[in-house]
**Student:** 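Pasting in a structure now, in structure tokens, and then I'll have a few things to ask.
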Protein chains: 2
Amino acid sequence: MLHAVAKVERTRLSAADWEQAALDLIAKQGVGAVAVEALARQLGVTKGSFYWHFPNREALLKAALERWEKQDTDQVLGQVEPIADPRARLCELFRRTGREAKSHAIYSALLRALDHPIVQPVMARVSARRLDFLTLAYRQVGMSRSVAAHRARLAYAAYVGFLQLALQLGMPRLEHAELEAYVEHVIDTLIPA
Amino acid sequence: MLHAVAKVERTRLSAADWEQAALDLIAKQGVGAVAVEALARQLGVTKGSFYWHFPNREALLKAALERWEKQDTDQVLGQVEPIADPRARLCELFRRTGREAKSHAIYSALLRALDHPIVQPVMARVSARRLDFLTLAYRQVGMSRSVAAHRARLAYAAYVGFLQLALQLGMPRLEHAELEAYVEHVIDTLIPA
DNA sequence: CCGGCACCATACTCGGCCGTATGGAAAACG
DNA sequence: CGTTTTCCATACGGCCGAGTATGGTGCCGG
């Protein structure tokens with residue numbers, strides 16, 4: 001009963017199907033778990049299929065991460081970017097990440113694979129974009145250039161650490177009420193009144 | 001020129017030597033890189049030596065982590081615990097971690113292996129202790145129980161995220177001056193005036 | 001209806017790393 | 001000084017996962 005996850009829809013596969021399956025696996029079991037034969041079983045096919053679409057395992061990883069980077073860039077940040085007031089924009093960003101923490105599983109998994117030569121540059125770009133986003137918002141609420149940069153770093157580090165502790169460790173079982181209270185505390189602390 | 005790191009001191013080895021070598025390797029290349037044959041090469045011996053001291057690879061990991069947990073518990077926190085004033089204690093803790101960030105390489109590596117069944121309980125204990133330490137200090141500066149708990153969580157998450165970004169990613173090349181300015185900003189933000 | 005292309009199965013090889021078996025050298029010991 | 005214990009080398013068996021080779025099946029244009 002371990003296999004046959006989605007053996008319905010027995011149509012032919014495309015490269016995109018493999019990439020998406022790889023991303024799903026990354027979210028659940030990390031980058032190291034992306035094995036060709038395991039993916040093939042999950043998709044109801046064999047390795048023979050894989051090596052028609054991709055030359056090797058690294059090519060799949062590269063393609064999957066490219067796909068993720070695209071659909072992630074305008075995912076989280078794009079949702080809150082239209083908010084004009086920078087303070088409200090930050091608040092909304094924090095609340096969303098707290099509420100939909102589980103959807104950051106891929107980001108968290110990639111964070112734990114920063115030593116991988118393929119993952120590293122992708123995460124460097126994504127992190128830089130998010131840091132820039134935060135820095136801009138903090139500047140718009142009146143902070144100086146250096147203070148805004150530091151506060152953005154702090155907020156981003158808190159986000160990264162929160163993901164690690166909440167998703168990997170159980171983070172002393174925080175229920176919804178407790179979590180929301182925590183998020184509000186973060187907002188009070190990291191967003192100037 | 002990749003091997004023969006410390007082939008001097010050609011005396012017999014003890015289990016402790018293997019544990020220490022494992023910790024060094026964890027710090028540099030992560031938990032996944034702890035392979036017995038690789039360690040043997042680094043120590044200038046062969047596998048035959050290893051399997052005399054340990055029954056298998058997991059036993060080494062377990063012993064190494066026990067050793068680390070012991071020498072870590074009274075390492076960072078023990079140094080600043082005697083400081084009576086809670087505010088000064090927190091400041092000193094933050095400054096030390098910022099200054100000696102590189103010595104947290106093992107902690108950072110273990111953080112990236114939280115899925116490993118042997119690593120997980122160790123990190124759960126260590127994290128709980130550190131969180132308790134922070135929570136107590138925040139309570140002593142006058143915070144309520146819940147606020148102190150939340151602030152401790154935030155500070156600890158910021159610490160965890162900082163390690164990931166600074167050690168794994170290059171964290172946009174922060175030099176000493178920039179880093180100290182960042183630490184001071186963190187102190188101003190996370191420690192109540 | 002047929003040749004060709006897209007997609008997939010099957011059956012291998014190969015290298016890496018774990019663990020085992022066994023013999024040898026070096027120290028410790030009586 | 002011989003024996004026992006401790007530590008290590010060498011050699012081997014086996015698993016697992018990547019990658020290759022090759023043949024098979026459905027679909028599609030002509």
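All values reported here derive from a predicted model rather than from experimental measurement. Every chain is numbered from 1 and lettered A, B, ... according to where its sequence line falls, protein lines coming before strand lines.
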**Student:** Considering heavy-atom distances to DNA chain C, does A/G48 or B/P55 have its closest nucleotide positioned more toward the 5' end?
**Tutor:**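 Nearest nucleotide further toward 5': that of A/G48.
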
**Student:** Nearest 0.5 Å, please: how far is CD in A/Q168 from OG in B/S127?
**Tutor:**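 Answer rounded to 0.5 Å: 12.0 Å.
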
**Student:** Do any side-chain atoms of residues 75-87 of chain A form donor-acceptor pairs under 3.5 angstrom with protein atoms, and if so which ones, sequence neighbours left out?
**Tutor:**
residue	atom	partner	partner atom	Å
A/D85	OD2	A/A88	N	3.1
A/R87	NH1	A/P192	O	3.1
A/R87	NH1	A/A193	O	3.4

**Student:** Using only side-chain N and O atoms of A/R57, determine if any of them is under 4.0 Å from OP1 or OP2 of D/dA18.
**Tutor:**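 Looking at the OP1 and OP2 atoms of D/dA18, one of them is under 4.0 Å from a side-chain N or O of A/R57.
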
**Student:** Of all the nucleotides listed (D/dC8, D/dC7, D/dA18), which has the minimum atom distance to the side chain of B/W52?
**Tutor:**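 Output: D/dC7.
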
**Student:** Should stems be defined as at least three consecutive Watson-Crick or G-U pairs with both distances under 3.5 angstrom, which of them involve DNA chain C?
**Tutor:**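 DNA chain C stems, ordered by first number: C:4-17 with D:14-27, C:19-30 with D:1-12.
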
**Student:** Over how many whole Å does the gap from B/N56 atom CG to D/dG14 atom P extend?
**Tutor:**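 That distance rounds to 20 Å.
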
**Student:** Take the protein atom CG of B/L39 and the nucleotide atom P of D/dC8, then report the distance between them rounded to whole Å.
**Tutor:**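 It works out to 14 Å between those atoms.
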
**Student:** Starting at atom CZ of B/R41, determine the distance to atom C1' of D/dC8, rounded to an integer number of angstrom.
**Tutor:**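 Going from CZ in B/R41 over to C1' in D/dC8 covers 17 Å.
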
**Student:** Report yes if the distance between the aromatic ring centroids of A/Y138 and A/H150 is under 6.0 Å, otherwise no.
**Tutor:**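 Centroid distance A/Y138-A/H150: not below 6.0 Å, so no.
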
**Student:** Closest nucleotide of DNA chain C for A/H53 versus for B/K47: which of these residues is on the 5' side?
**Tutor:**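 Taking each residue's closest nucleotide, the earlier one in sequence belongs to A/H53.
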
**Student:** Out of D/dC27, D/dC8, D/dA18, which nucleotide sits closest to the side chain of A/Y51?
**Tutor:**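 Of the candidates, D/dA18 comes closest.
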
**Student:** For the CZ atom of B/F162 and the CG atom of A/L154, what is their distance to the nearest 0.5 Å?
**Tutor:**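 These two atoms lie 11.0 Å from each other.
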
**Student:** Expressed as a whole number of angstroms, how long is the span from A/L13:CG to D/dG26:P?
**Tutor:**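 Going from CG in A/L13 over to P in D/dG26 covers 16 Å.
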
**Student:** Would you kindly give the CG-to-P distance between A/L43 and C/dC7, to the nearest whole Å?
**Tutor:**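 Whole-Å distance recorded here is 14 Å.
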
**Student:** Return the OG1 to CG distance between B/T97 and B/L163, rounded to the nearest 0.5 Å.
**Tutor:**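 So the gap between those two atoms works out to 8.0 Å.
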
**Student:** Can you tell me which nucleotide in C/dC17, D/dG17, C/dC8 comes closest to the side chain of B/A35?
**Tutor:**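 The closest nucleotide is C/dC17.
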
**Student:** D/dT10, C/dC18, D/dG19: which one has an atom nearest the side-chain heavy atoms of B/T46?
**Tutor:**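 Given the options D/dT10, C/dC18, D/dG19, the side chain of B/T46 is closest to D/dT10.
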
**Student:** Would you mind reading off the distance between A/F54 atom CZ and C/dC8 atom P, rounded to a whole angstrom?
**Tutor:**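 Spelled out: CZ on A/F54 to P on C/dC8 is 12 Å.
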
**Student:** Using whole Å, what does the distance between atom P of nucleotide D/dG17 and atom CD of A/E37 come to?
**Tutor:**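 Answer to the nearest Å: 7 Å.
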
**Student:** Stepwise, does the side-chain contact (heavy atoms from CB on, under 4.5 Å) test hold for A/H185 with A/E180?
**Tutor:** CA-CA 9 Å; A/H185 177 85; A/E180 291 218 13; over 6 Å; no

**Student:** Distance check needed: C/dA9 C1' versus A/R12 CZ, whole Å only.
**Tutor:**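 In whole Å, C/dA9 C1' and A/R12 CZ are 13 Å from each other.
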
**Student:** Taking the six-membered ring where the residue is Trp, are the ring centres of B/F54 and B/W18 under 6.0 Å apart?
**Tutor:**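 Distance test on ring centres: not under 6.0 Å, no.
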
